[in-house]
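Worksheet for the structure shown next.
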Amino acid sequence: MSLPRRTDPEPVTGWPADVAARYRALGYWRDETFGAFLATRAARHAARTAVVGRSVHTGRWARLTYAELERAAIAVHARLRAAGVRPRDRVLLQLPNCVEYVTYLFGVFRSGAWPVFTLPGHREAELTDFCRIADAAAHVLGGPGPRGADPRATAQRVAERLRAAGHVPPLVVDAGAALPEPGTAPPPADTGPEEVAFLQLSGGTTGTPKLIPRTPADYLYSVRESARICGVGPDTVMLVSLPAAHNFPMSSPGILGVLHTGGTVVLAPDPSPPTAFALIESERVTMTSLVPPVLQAWLPAAGRTSHDLGSLDVIQVGGARLADAVAARVGPDLGARLQQVFGMAEGLVNYTRLDDPDDIVTGTQGRPISPDDEIRVVDGDGRDVPPGAEGLLLTRGPYTIRGYYRAGPAGAASFTPDGFYRTGDLVRRLPSGHLVVTGRAKDQINRGGDKIAAEEVEGHLLAHPRLRDAAVVAMPDRFLGERVCAFVIPDGPPAPTAAELRRHLDERGIAGYKVPDRFEIVTEFPVSALGKTSRRELRRALADLLRSNTERSP
Ligand code: OOB
């Protein structure tokens with residue numbers, strides 16, 4: 001089988017040469033590539049258990065040693081090569097948490113192609129965008145998707161959409177199929193340490209998703225330091241129950257940090273207490289990474305479970321703001337140490353340190369990994385605010401990107417002219433350097449760690465023939481932190497019902513977590529001084545509405 005030739009990747013805005021030279025001289029950036037990363041660990045820890053998880057090939061639980069993981073990655077590389085995948089081709093990686101996630105990740109790396117880290121919940125709307133932006137050569141899928149969705153049927157719809165728009169669809173690679181024994185192992189074809197090696201996904205704020213180009217040099221620096229800061233070593237057994245593709249369980253220190261040190265990664269199909277607690281007991285799990293709503297489900301369940309959670313030493317929580325009061329319950333209720341993690345797929349990651357005092361661990365979101373992470377807290381005009389005051393967080397450093405992949409002017413607007421990434425987060429910085437996340441000034445909804453760009457959902461709503469306008473805002477929620485609320489203006493009566501709008505979004509093929517939890521039909525939107533729809537006023541109107549609903553309910 002031969003693949004149609006793909007375009008070469010487009011150049012990305014990288015670090016200025018003098019800055020790169022400095023990061024190299026400081027030893028942050030090294031020569032290691034992802035192909036070499038696994039080969040070295042397989043040589044060093046051959047017989048140790050690298051990965052435990054369900055297999056989408058056998059349907060059973062599997063345990064792979066480092067040597068077996070390396071052999072499987074070579075077989076994946078051989079398979080991709082035979083299918084015509086070449087170095088620097090882009091390959092969508094869309095798998096549930098299963099052992100194949102890791103074998104295909106390293107197989108793609110070894111082939112020199114760039115994995116594109118899609119989530120299992122992404123459907124044809126997102127996948128078509130990723131394929132178009134990245135000009136994807138292949139799409140690795142397998143297992144059932146969320147709510148029993150068939151990823152092959154989704155891939156079919158992606159292919160139809162791409163063909164209709166004049167694009168060549170990617171080759172579908174089913175990770176559930178048996179891997180051929182490679183006759184002779186193809187030599188590793190991975191690219192240079194400072195070349196882009198994969199595309200991570202941005203939470204996004206715009207109508208189209210943004211792809212984040214990362215290099216082995218920058219990413220592995222953050223992985224090594226994360227492993228050190230978090231005390232990860234050969235005895236670490238990490239439970240990964242968030243989607244593996246996410247930057248947090250992938251690299252903070254995550255799957256890569258554990259494999260870096262010779263530890264064991266246990267992949268859970270879901271983060272529910274029954275699944276996770278059984279695995280903690282059976283695998284003697286020492287560490288895990290959670291988003292706040294999952295922690296909130298674990299806390300009461302821990303008191304009722306008959307499973308022994310005694311091996312659990314560190315629970316990392318991040319991806320969304322953890323309430324201080326919930327943070328304080330981790331030690332007493334779960335018998336483990338809490339570590340807060342405030343990070344972003346674009347780069348910067350902050351950790352509370354394991355020896356930080358309790359008030360810092362429960363009341364802050366940590367401090368940066370690197371002494372060379374530059375932090376600025378600024379006002380709306382870009383001027384530094386006084387120490388300790390709230391402001392917008394800007395950052396640049398040895399593992400924070402300087403530009404998105406093929407994102408045009410909308411992408412460039414996320415960076416200052418001197419290369420700081422505008423996180424869109426509101427923070428306060430303590431004299432110790434720890435950051436407290438106080439809010440957000442970007443049009444994004446953080447639904448329990450899942451990021452939703454308001455503009456993207458609005459675009460899909462506006463495609464409804466009977467809507468004149470749509471505005472999507474965050475709605476406070478006790479459990480998820482935030483949910484999605486859509487205000488819509490119908491194009492005359494009768495207004496479409498919420499059920500109709502949900503069906504419309506389902507037909508557009510967007511991920512389930514982006515579908516608004518609530519619809520409000522209105523006749524007009526409040527406008528800002530500049531005449532633009534004011535999401536801030538809408539959030540305020542929604543808060544009033546929710547308050548009066550609660551007051552009215554018995
Ligand atoms: C992580 O990465 P992303 O790219 O999904 O989302 C980044 C955004 C941040 O800009 C911030 O708005 C929010 O998620 N966030 C938090 C947070 N951690 C992330 N907001 C408040 N408190 C926290 N602890 O979410 C991510 C990447 C690497 C490690 C951890 C999380």
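A salt bridge is defined here as a Lys NZ or Arg NE, NH1 or NH2 lying under 4.0 Å from an Asp or Glu carboxylate O, and E68 with R63 fails to meet this definition. A salt bridge does not link D506 with R502: every distance from a Lys NZ or Arg NE/NH1/NH2 to an Asp or Glu carboxylate oxygen is 4.0 Å or more. For the pair D190 and R110, the salt-bridge criterion is not met [side-chain N within less than 4.0 Å of a carboxylate O]. At a threshold of 4.0 Å, the pair D235-R284 does not count as salt-bridged, since none of the basic side-chain nitrogens sits closer than that to a carboxylate oxygen. Ionic pairing of D477 and R447 is not present here: no N-O contact between side-chain nitrogen and carboxylate oxygen is shorter than 4.0 angstrom. Note on E507 versus R123: no salt bridge recorded, every NZ/NE/NH1/NH2 to OD/OE distance being 4.0 Å or above.
With rounding to the nearest 0.5 angstrom, the CG atom of D450 is 10.5 Å from the CD atom of Q444. Residue L105 holds its CG atom at 7.5 Å from CD1 of I255, rounded to the nearest 0.5 Å. Here the CG-NE2 distance, from L179 to H77, works out to 13.0 Å after rounding to the nearest 0.5 Å. The distance from atom CZ of R132 to atom CG of L127, rounded to the nearest 0.5 Å, is 12.5 Å. For the atom pair L393 CG and R440 CZ, the distance stands at 13.5 Å (nearest 0.5 Å). Annotation: the span from R54 atom CZ to H57 atom NE2 amounts to 15.5 Å, rounded to 0.5 Å.
At least one donor-acceptor pair closer than 3.5 Å links the side chain of T286 to the backbone N or O of V237. With Q365 contributing its side chain and F342 its backbone, the two residues share no donor-acceptor pair below 3.5 Å. Of the possible polar contacts, none joining the N247 side chain to the S252 backbone as a donor-acceptor pair under 3.5 Å is found. Using modelled atom types, no side-chain atom of T305 and backbone atom of A302 make a donor-acceptor pair closer than 3.5 Å. In this structure, the side chain of K451 engages the main chain of G449 through a donor-acceptor pair within 3.5 Å. Panel note: side chain D443, backbone T205; no donor-acceptor pair is recorded below 3.5 Å. Judged purely by atom type and a 3.5 angstrom limit, D129 has no side-chain atom pairing as donor or acceptor with the backbone of E126. Within the 3.5 Å criterion, the main-chain N or O of P193 finds no donor-acceptor partner in the side chain of T33. T118 places a side-chain N or O within 3.5 Å of a backbone atom of L93 that can act as its donor or acceptor partner. In terms of modelled atom types and a separation under 3.5 Å, the side chain of R48 and the main chain of G262 share a donor-acceptor contact.
If you check the side chains of H139 and Q94, you find a donor sitting under 3.5 Å from an acceptor. In the model, T275 has a side-chain atom that pairs as donor or acceptor with a side-chain atom of D270 under 3.5 Å. Looking only at atom types and distance, the side chain of R79 has a donor-acceptor partner in the side chain of Y104 under 3.5 Å away. Donor-acceptor pairing under 3.5 Å is recorded for the side chains of Y399 and D373. No side-chain donor from either of T49 and Y66 sits under 3.5 Å from a side-chain acceptor of the other. When only modelled atom types and interatomic distance are considered, Y219 and S251 share a side-chain donor-acceptor pair under 3.5 Å. When only modelled atom types and interatomic distance are considered, S202 and E346 share a side-chain donor-acceptor pair under 3.5 Å. R224 and H260 share no donor-acceptor pair across their side chains, judged by distance under 3.5 Å alone. Of the N and O atoms on the side chains of D356 and Y351, not one donor lies less than 3.5 Å from an acceptor on the other residue. With hydrogens and angles left out, the side-chain atoms of S432 and H434 include a donor and acceptor closer than 3.5 Å.
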With side-chain contact (heavy atoms from CB on, under 4.5 Å) as the criterion, how do R90 and L211 come out once you've worked through the C-alpha distance, each side chain's angles and the decisive distance to 0.1 Å? CA-CA 12 Å; R90 277 72 65 202; L211 301 176; over 6 Å; no
Mind running side-chain contact (heavy atoms from CB on, under 4.5 Å) on V173 and L80 for me, showing each step along the way? CA-CA 8 Å; V173 177; L80 294 172; 4.3 Å; yes
Please evaluate residues V285 and L309 with respect to the criterion side-chain contact (heavy atoms from CB on, under 4.5 Å), reporting the C-alpha separation (whole Å), side-chain torsions for both, the decisive distance (0.1 Å), and the verdict. CA-CA 8 Å; V285 166; L309 307 181; over 6 Å; no
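With sequence neighbours left out, P243 forms a side-chain contact (heavy atoms from CB on, under 4.5 Å) with L119, P120.
Between T103 and L69, some side-chain heavy-atom pair lies under the 4.5 Å cut-off. Looking only at side-chain heavy atoms (C-beta outward), I212 and L199 stay at 4.5 Å or farther from each other. Annotation: side chain of P269 is not in contact with side chain of N97 (no heavy-atom distance under 4.5 Å).
Applying the salt bridge (charged side-chain N to carboxylate O under 4.0 Å, His left out) test between R337 and each of D313, D358, D355 identifies D313 as the sole match. Considering E455, E458, E456 in turn, E456 is the only one that fulfils the salt bridge (charged side-chain N to carboxylate O under 4.0 Å, His left out) rule with K514. For the pairing with C230, the side-chain contact (heavy atoms from CB on, under 4.5 Å) check across R353, E225, M238, Q316 returns one residue only, Q316.
Closest approach of A134 to V116, counting heavy atoms only: CB-CG2, 4.5 Å.
Ring geometry for F198 versus F117: interplanar angle of 30 to 60°, hence tilted. Using cut-offs of 30° and 60° for the angle between ring planes, the Y404 and Y421 rings count as perpendicular.
A centroid separation of less than 6.0 Å is found between the aromatic rings of W298 and F277.
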